[in-house]
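The structure under discussion appears below in the form of structure tokens.
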Amino acid sequence: MLRLSRDDARRLAVRAQLLTADRPASIVETIYGLSAVQIEPTAAIAPSADLILWSRLGWPYQPADLRRAVEVDRDVFEWGGVYRLMSDLPLLRHEMAAQPVSGAARRWLEANDRFRRDVLARLRDEGPLRAAQIPDTAQESWSSTGWTNNRNSMQMLELLVQTGQAAVSSRDAKGRLFDLAERVYPDDLPDVAVEDAARERAERRLGSLGLARAKSVAQPFEPIDVGTVGEEAVVDGVEGVWRADAASLEELDALGGRTALLSPFDRLVFDRERLEALFGFEYLLEMYKPAAKRRWGYFALPILHGDRFVGKLDAAADRRAGVLRVTAIHEDVPFGAAISDAVDGEVRELARWLGLEVQGLPGS
């Protein structure tokens, strides 16, 4: 069994998430390394997928590059709330075929088979379409206590995407457009056996995390555990057994660190228990809290410096005023001159990428 210091465990995780000084060269390379990029349209600063890609690629990345990769080149597709490489589609076919896993959703689909066929016919004749453009001919209404209650056209489209019959063709300011899967997904991708697909997905996931639990809290569509792939490892001062991407350990000394501002939906911070265990970093996205109860801000960005999280950036993009307004930089550890300069520099880089002036930093 491997025995890792906490320093090595952190560096392994940071390297796996492409946050070292050696940046990836393209969107495809980045998504391959991360295995999945979370989609969250909240844009207090920028949508999550754009923040995630910018934090890896730097200023050359622009949101139009991602749109082109999705809508024109078809190198990237959307499924399960994340962006993925189209070349990974064969690894997901078996999971798509098993959807929906909810018994209630399965019964609703069966009860609305005519509606399902109506929606697919409408997409075939007129697609790509928004949910609002598809007439609701449901035989049985979708029942929910949440926002999907009675939203039958949207719910049917969601389930058709889950099952691989439809696909998200594009996104714009008004939301998603849907089309038949056969017009979005290529038809020349190989078939992969179910066991091989599951193992390859687990190996890719471990490669993107560096260190993960064999079992963890269940997540919809994109798990955060890795089963039996990798090697068993323990981390000094951390309870339990992990699975490690041992091949990456040999490269740790060769890769320098850097400072990065991360999305609250970044995979490095998404698993809060892992974040505290390995990094000793407490973080909570507070956009759902009343303003008076927030400690760090509505959409505070975790600040990574080298292999440690050192604070949170409370800032918002005011595009009408043309400024990135910095309300506070919360220091989890006292910033020396080197950290302060690095963080200020990264905030200015963020503003430059957004095309905004910085307001609220010393000297800005």
Side-chain angles (χ1 to χ4, degrees), residues 36-41 47 49 66-192 194 197 220-222:
V37 170
Q38 184 79 22
I39 300 170
E40 166 53 52
L66 177 59
R67 290 197 296 273
R68 184 170 56 253
V70 174
E71 300 171 19
V72 179
D73 300 335
R74 297 297 190 197
D75 290 330
V76 176
F77 75 104
E78 175 180 336
W79 190 78
V82 300
Y83 286 119
R84 308 166 189 270
L85 287 189
M86 191 67 78
S87 56
D88 284 344
L89 179 60
L91 306 181
L92 294 162
R93 291 290 196 191
H94 303 288
E95 188 170 344
M96 288 178 171
Q99 296 292 331
V101 296
S102 161
R106 284 183 176 278
R107 288 190 293 274
W108 188 78
L109 272 179
E110 291 170 0
N112 284 285
D113 188 61
R114 189 177 68 198
F115 180 33
R116 179 187 67 82
R117 288 183 276 112
D118 287 348
V119 172
L120 289 173
R122 179 78 59 167
L123 292 178
R124 182 172 292 106
D125 294 341
E126 303 175 23
L129 295 172
R130 305 180 194 281
Q133 296 174 292
I134 295 180
D136 179 356
T137 61
Q139 291 77 57
E140 180 180 310
S141 188
W142 177 262
S143 179
S144 167
T145 57
W147 74 275
T148 58
N149 190 49
N150 291 323
R151 290 174 174 256
N152 295 319
S153 294
M154 175 57 79
Q155 189 60 29
M156 179 58 75
L157 287 167
E158 295 277 12
L159 291 172
L160 290 175
V161 172
Q162 283 182 30
T163 57
Q165 299 173 73
V168 178
S169 178
S170 62
R171 276 180 179 260
D172 60 19
K174 295 181 180 179
R176 292 171 293 175
L177 284 90
F178 300 84
D179 205 346
L180 294 179
E182 63 202 51
R183 293 207 286 245
V184 176
Y185 300 152
D187 59 6
D188 58 350
L189 295 174
D191 292 328
V192 180
V194 60
F221 301 110
E222 193 57 32

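The structure displayed is predicted, hence computed values, not measured ones.
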According to salt bridge (Lys or Arg N to Asp or Glu O under 4.0 Å), who are the partners of [X], at least two apart in sequence or on a separate chain?
{"X": "Arg130", "answer": "Asp172"}
{"X": "Asp118", "answer": "none"}
{"X": "Glu126", "answer": "Arg122"}

Atom of [X], atom of [Y] and distance for their closest heavy-atom approach:
{"X": "Leu123", "Y": "Ala166", "result": "CD1-CB, 4.1 Å"}
{"X": "Val70", "Y": "Ser169", "result": "CG1-O, 4.4 Å"}
{"X": "Phe77", "Y": "Leu89", "result": "CZ-CD1, 3.9 Å"}
{"X": "Glu95", "Y": "Gln99", "result": "O-CG, 3.2 Å"}
{"X": "Leu189", "Y": "Pro90", "result": "CB-CG, 3.7 Å"}
{"X": "Gly164", "Y": "Ala181", "result": "O-CB, 3.2 Å"}

### Message
The criterion is side-chain contact (heavy atoms from CB on, under 4.5 Å); which residues satisfy it with Arg68, sequence neighbours excluded?
### Response
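So Arg68 forms a side-chain contact (heavy atoms from CB on, under 4.5 Å) with Asp65, Val72, Asp73.
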### Message
Taking side-chain contact (heavy atoms from CB on, under 4.5 Å) as the definition, give me every residue that meets it alongside Arg117, ordered by chain and number, with sequence neighbours left out.
### Response
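Scan of Arg117 (side-chain contact (heavy atoms from CB on, under 4.5 Å), adjacent residues dropped) gives Asp113, Arg114.
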### Query
Any ring-ring contact (aromatic ring centres under 6.0 Å, His included) pairs touching residues 95-132, not counting sequence neighbours?
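Sorted result for residues 95-132: Trp108-Trp142.
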### Task
Output, in order, the C-alpha distance, side-chain angles, deciding distance and verdict of side chain to side chain contact (heavy atoms under 4.5 Å, CB included) for Leu160 and Arg116.
CA-CA 8 Å; Leu160 290 175; Arg116 179 187 67 82; 3.6 Å; yes
Can you check whether [X] reaches [Y] side chain to side chain, under 4.5 Å on heavy atoms?
{"X": "Val161", "Y": "Glu78", "answer": "no"}
{"X": "Pro100", "Y": "Thr163", "answer": "yes"}
{"X": "Met154", "Y": "Ile134", "answer": "no"}
{"X": "Val168", "Y": "Val184", "answer": "no"}
{"X": "Val82", "Y": "Gln38", "answer": "yes"}
{"X": "Leu177", "Y": "Leu129", "answer": "no"}

### Message
Check Arg84 with Asp88, please: is the shortest side-chain N to carboxylate O separation under 4.0 Å?
### Response
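Salt bridge between Asp88 and Arg84, a charged N being under 4.0 Å from a carboxylate O: no.
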Side chain [X], main chain [Y], donor-acceptor under 3.5 Å:
{"X": "Asn112", "Y": "Glu140", "value": "yes"}
{"X": "Arg74", "Y": "Tyr185", "value": "no"}
{"X": "Arg176", "Y": "Ala131", "value": "no"}

Could you grab the distance from atom [atom1] of [X] to atom [atom2] of [Y], nearest 0.5 Å is fine?
{"X": "Arg124", "Y": "Arg183", "atom1": "CZ", "atom2": "CZ", "answer": "7.5 Å"}
{"X": "Glu158", "Y": "Gln155", "atom1": "CD", "atom2": "CD", "answer": "6.5 Å"}
{"X": "Gln162", "Y": "Leu92", "atom1": "CD", "atom2": "CG", "answer": "12.5 Å"}

### Query
Going through the distances and angles, do Arg93 and Asp191 end up as a side chain to side chain contact (heavy atoms under 4.5 Å, CB included)?
CA-CA 8 Å; Arg93 291 290 196 191; Asp191 292 328; 6.0 Å; no
### Message
I'd like to know whether Leu109 forms a side chain to side chain contact (heavy atoms under 4.5 Å, CB included) with Met156, so could you lay out the CA-CA distance, the side-chain angles of the two residues, the decisive distance to 0.1 Å, and finally the verdict.
### Response
CA-CA 8 Å; Leu109 272 179; Met156 179 58 75; 3.6 Å; yes
